[in-house]
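Shown next, in structure tokens, is the structure this report addresses.
One-based numbering, in listed order, for ligands and for the atoms of each. Computed from heavy atoms alone, side chains included, the values below leave out hydrogens, waters and symmetry copies.
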Amino acid sequence: MNERIERLREKLDEPFLVTEPANVRYLSGFQSTNAALFVEDGAVRLFADFRYAEAGRMVPGVEFVETKRNLLAELAELLSGRVAFEASALTYAGYETLAGGGVDLVPTRGLVEGLRAVKDEEELEAIRGAAAIGDAAFARLAEERFVGRTERELAWRMEQLLHEEGAHGLSFPVVVAAGPTGAAPHAKPGDRTIAPGETVVVDSGAVLDGYCSDCTRTFATGELPEELGRAYGVCLEAQLAGLRAVRAGVSGVDADAAARNVIEEAGFGDAFGHGLGHGIGLVVHEGPVLRRESTDVLEPGNVVSVEPGIYLSGLGGIRIEDLVIVSDDGAEVLTPFTKELVTVD
Ligand code: ZN
Ligand code: ZN
């Protein structure tokens, strides 16, 4: 019996159509951009087109149904009565197609995402492995020359290192943001050549067996301007405070505040404009979230990032990000690469 589907069934009032690809994958192990899972009391049907049929027939515990390429048009004919659907995954056009076929659609929010937020042992192993790959890649990158290479070159190098260390893929394109580029939290690496005496933010993650890791370190290319050097120390202190705050039972708001207070008290409050962290799993941003508007409370088995940043316009950026497993005792850090300021050539 599929334990994930059993736990999902407990939350359902009517048959449930799952169309979010990561949720289909979580529940069935089946990976496709054009598939749907239909969970009823007695049966689970998996729908996908010819391209995925071979793999679909191998999925245990489901009845596979091959459909035309227009999956929802066929589902509109096959399904009837009340059907719960994922409000955040079904497009308006898809809704019209199903409703046009006479399906009585009932919106739901976050049902599978709620299950995904608490990882089982198999998932934790994959994430631990992905994080270890990222850590090994950081250790090798720190031995290389930064100054004189462009952000794009260094980002590509980090992607190579992640693959060499065994990544099956990347959580997202590697971010390398040097000097003033780093003042934007989601900077894209550009053609700017890395210069001496600046910070270089490197944010990257590996995918292993479908699961993502996520880690940021900030390097210095020689002696930093005084304000930037001071900001590094504050960011690290805030990151450590965030780590100490993370444990089961703590709210996303309180965990965020533990780090934010340190940054605010040091006078950099306006320079930390994003949340402290986010959940990670099959996708790189999922529940729970640690930020001021969060409604989440941490549970054992959550995997979250702890990543305060300080962004100083025109000068540079600093972000320090660890990936941790939440337990009743606190946070188990999966990304042990040093957080002391590493100076590179
Ligand atoms: Zn990151
Ligand atoms: Zn992150």
Side-chain angles (χ1 to χ4, degrees), residues 22 113 116-117 119 126-128 130-139 141-142 151 154-155 158-159 161-162 165 167 169-178 181-189 199-208 211-219 232 235-236 238-240 242-243 245-246 252 255-256 258-260 263 272-294 296 298 302-311 316-326 331-339 342:
E113 287 81 356
R116 274 170 49 196
K119 272 69 182 175
I127 296 171
R128 278 193 183 97
I133 288 167
D135 233 55
F138 265 116
L141 190 75
E151 294 166 347
L154 199 66
M158 186 61 172
E159 297 197 357
L161 292 172
L162 288 163
E165 292 298 328
L170 302 173
S171 303
F172 49 87
V174 169
V175 173
V176 171
T181 310
H186 266 187
K188 286 219 171 7
T199 54
V200 184
V201 178
V202 181
D203 189 355
S204 68
V207 176
L208 189 66
Y211 284 83
C212 299
S213 70
D214 189 4
C215 179
T216 306
R217 290 294 184 266
T218 299
F219 298 88
Y232 189 93
C235 189
L236 179 54
Q239 206 269 345
L240 295 172
L243 284 181
V246 166
D256 176 273
R260 192 170 301 282
I263 292 177
F272 176 29
H274 57 74
L276 180 65
H278 53 89
I280 294 177
L282 287 169
V283 298
V284 75
H285 288 111
E286 54 181 60
V289 293
L290 317 180
R291 59 171 178 247
R292 279 183 283 201
E293 312 80 21
S294 176
D296 297 326
L298 294 173
N302 288 155
V303 176
V304 297
S305 69
V306 176
E307 51 176 309
I310 296 176
Y311 307 94
I318 292 149
R319 186 166 64 256
I320 303 170
E321 173 180 30
D322 280 328
L323 191 57
V324 308
I325 299 173
V326 177
E332 174 192 341
V333 175
L334 305 181
T335 43
F337 184 77
T338 186
K339 291 181 283 192
V342 173

Checklist entry - Hey, which of Q239, H278, H274 is the one that makes side chain to side chain donor-acceptor pair (under 3.5 Å) with E307? => result H278

Checklist outcome for this item: So the protein N/O/S atoms within less than 2.8 Å of the Zn ion (ligand 2) come down to D214 OD2, H278 NE2, E307 OE2, E321 OE2

Item to check | Closest heavy-atom pair and its distance - T181, E151 | outcome: OG1-OE2, 2.8 Å

Next on the checklist: Please find the pair of heavy atoms, one from I263 and one from A238, that lie closest to each other, and give the distance.
Outcome noted: CG1-CB, 3.5 Å

Checklist entry - Are R128 and I325 side-chain neighbours, meaning at least one heavy-atom pair lies under 4.5 Å? => result yes

Checklist entry - Is the centre of the F172 ring less than 6.0 Å from the centre of the H285 ring? => result no

Next on the checklist: If you compare all heavy atoms of S171 against all heavy atoms of V284, which two are closest, and at what distance to 0.1 Å?
Outcome noted: CB-CG2, 4.0 Å

